[in-house]
Amino acid sequence: QVQLVESGGGSVQAGGSLRLSCAASGRPPTLYAMGWFRQAPGKERDFVAAISWNGADTYYADSVKGRFTISRDKVKNTAYLQMNSLKPEDTAVYYCNADRTVQALGLNRALYPWGQGTQGTVSS
């Protein structure tokens with residue numbers, strides 16, 4: 001069973017940065033795309049960013065393009081999300097997951113049970 005553990009959240013002021021990490025354990029397939037999602041209070045969980053198995057392709061939600069960067073370390077089975085120029089509307093619990101393609105993740109699809117997520121709070 002694949003388990004996903006997110007970390008790196010915190011509280012920052014608008015314009016600040018956070019770097020999130022997602023460690024996958026339980027021998028996840030290395031040829032799968034990985035992605036980040038977020039859920040703000042009272043809202044559904046939405047897609048944020050995805051990266052292909054080899055890192056060659058990335059895909060972002062329009063709301064984070066130019067501010068967030070997704071990356072991965074295949075050896076460590078870890079994905080990262082660098083978040084810059086943060087805005088109060090970025091406040092959410094951030095989750096990671098995986099699927100066969102970045103397109104699937106972009107459709108809010110995910111293969112594995114959701115982890116606990118990590119809270120990111122941006123104050124104005």
Side-chain angles (χ1 to χ4, degrees):
Q1 178 76 340
V2 172
Q3 292 184 323
L4 302 160
V5 178
E6 303 90 349
S7 62
S11 296
V12 298
Q13 291 190 328
S17 298
L18 287 172
R19 186 172 188 252
L20 308 182
S21 298
C22 168
S25 62
R27 301 182 67 182
T30 58
L31 296 184
Y32 278 17
M34 295 187 74
W36 285 94
F37 301 78
R38 68 185 180 186
Q39 186 169 20
K43 296 187 177 181
E44 295 187 348
R45 184 157 38 210
D46 290 327
F47 167 77
V48 174
I51 187 167
S52 60
W53 71 273
N54 62 356
D57 296 320
T58 56
Y59 182 43
Y60 296 93
D62 287 343
S63 58
V64 306
K65 280 181 183 176
R67 299 188 299 121
F68 291 11
T69 303
I70 188 171
S71 60
R72 70 185 296 171
D73 184 327
K74 290 186 293 181
V75 174
K76 295 181 179 179
N77 276 331
T78 300
Y80 306 96
L81 186 67
Q82 178 67 44
M83 307 190 295
N84 298 329
S85 302
L86 284 163
K87 305 175 182 180
E89 51 263 42
D90 294 317
T91 294
V93 178
Y94 285 77
Y95 302 87
C96 68
N97 216 301
D99 208 312
R100 293 172 178 81
T101 66
V102 294
Q103 291 79 10
L105 291 163
L107 294 172
N108 251 7
R109 284 165 42 183
L111 284 177
Y112 300 116
W114 296 98
Q116 294 298 310
T118 185
Q119 175 71 48
T121 302
V122 185
S123 58
S124 57

Tell me if a side-chain donor or acceptor on [X] pairs with a main-chain N or O of [Y] at a distance below 3.5 Å.
X: N108; Y: R45; answer: yes
X: N97; Y: Y112; answer: yes
X: Q103; Y: L107; answer: no
X: Y60; Y: I70; answer: yes

Linking I/L/V/M/F/W/Y whenever any side-chain heavy atoms sit under 4.5 Å apart, do [X] and [Y] land together?
X: Y94; Y: L4; answer: no
X: M34; Y: Y32; answer: no
X: V93; Y: L18; answer: no
X: L105; Y: Y59; answer: yes
X: L20; Y: V64; answer: yes

What's the spacing between [X] [atom1] and [Y] [atom2] if we round to 0.5 Å?
X: R38; Y: C96; atom1: CZ; atom2: SG; result: 15.5 Å
X: R72; Y: W53; atom1: CZ; atom2: CH2; result: 9.0 Å
X: S123; Y: Q13; atom1: OG; atom2: CD; result: 5.0 Å

If I compare all heavy atoms of [X] with all of [Y], which pair ends up nearest, and what's the gap?
X: P113; Y: Q1; answer: CG-NE2, 3.1 Å
X: S124; Y: A14; answer: CA-CB, 4.3 Å
X: A104; Y: D99; answer: CB-CG, 3.7 Å

Audit row: Y80, T69, side chain to side chain contact (heavy atoms under 4.5 Å, CB included) steps and yes/no | CA-CA 8 Å; Y80 306 96; T69 303; over 6 Å; no
Hits for side chain to side chain contact (heavy atoms under 4.5 Å, CB included) against E89, two or more places apart or cross-chain, chain-then-number order -> K87
Pairs meeting criterion side chain to side chain donor-acceptor pair (under 3.5 Å) with involvement of residues 14-24, two or more places apart = S17-N84
Out of V122, T91, D90, which residue meets the side chain to side chain contact (heavy atoms under 4.5 Å, CB included) rule with V12?
->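 The residue from V122, T91, D90 that satisfies side chain to side chain contact (heavy atoms under 4.5 Å, CB included) with V12 turns out to be V122.
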Could you pull out all residues at least two apart from T121 that satisfy side-chain hydrogen bond (donor to acceptor under 3.5 Å, both in side chains)?
->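 Listed in chain order: Q119.
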How about F37 and W114: are their ring centroids closer than 6.0 Å?
->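 Between W114 and F37, which both carry aromatic rings, the centre distance is below 6.0 Å.
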Counting only heavy atoms not in F68, do more than 12 sit closer than 6.0 Å to its CZ atom?
-> yes
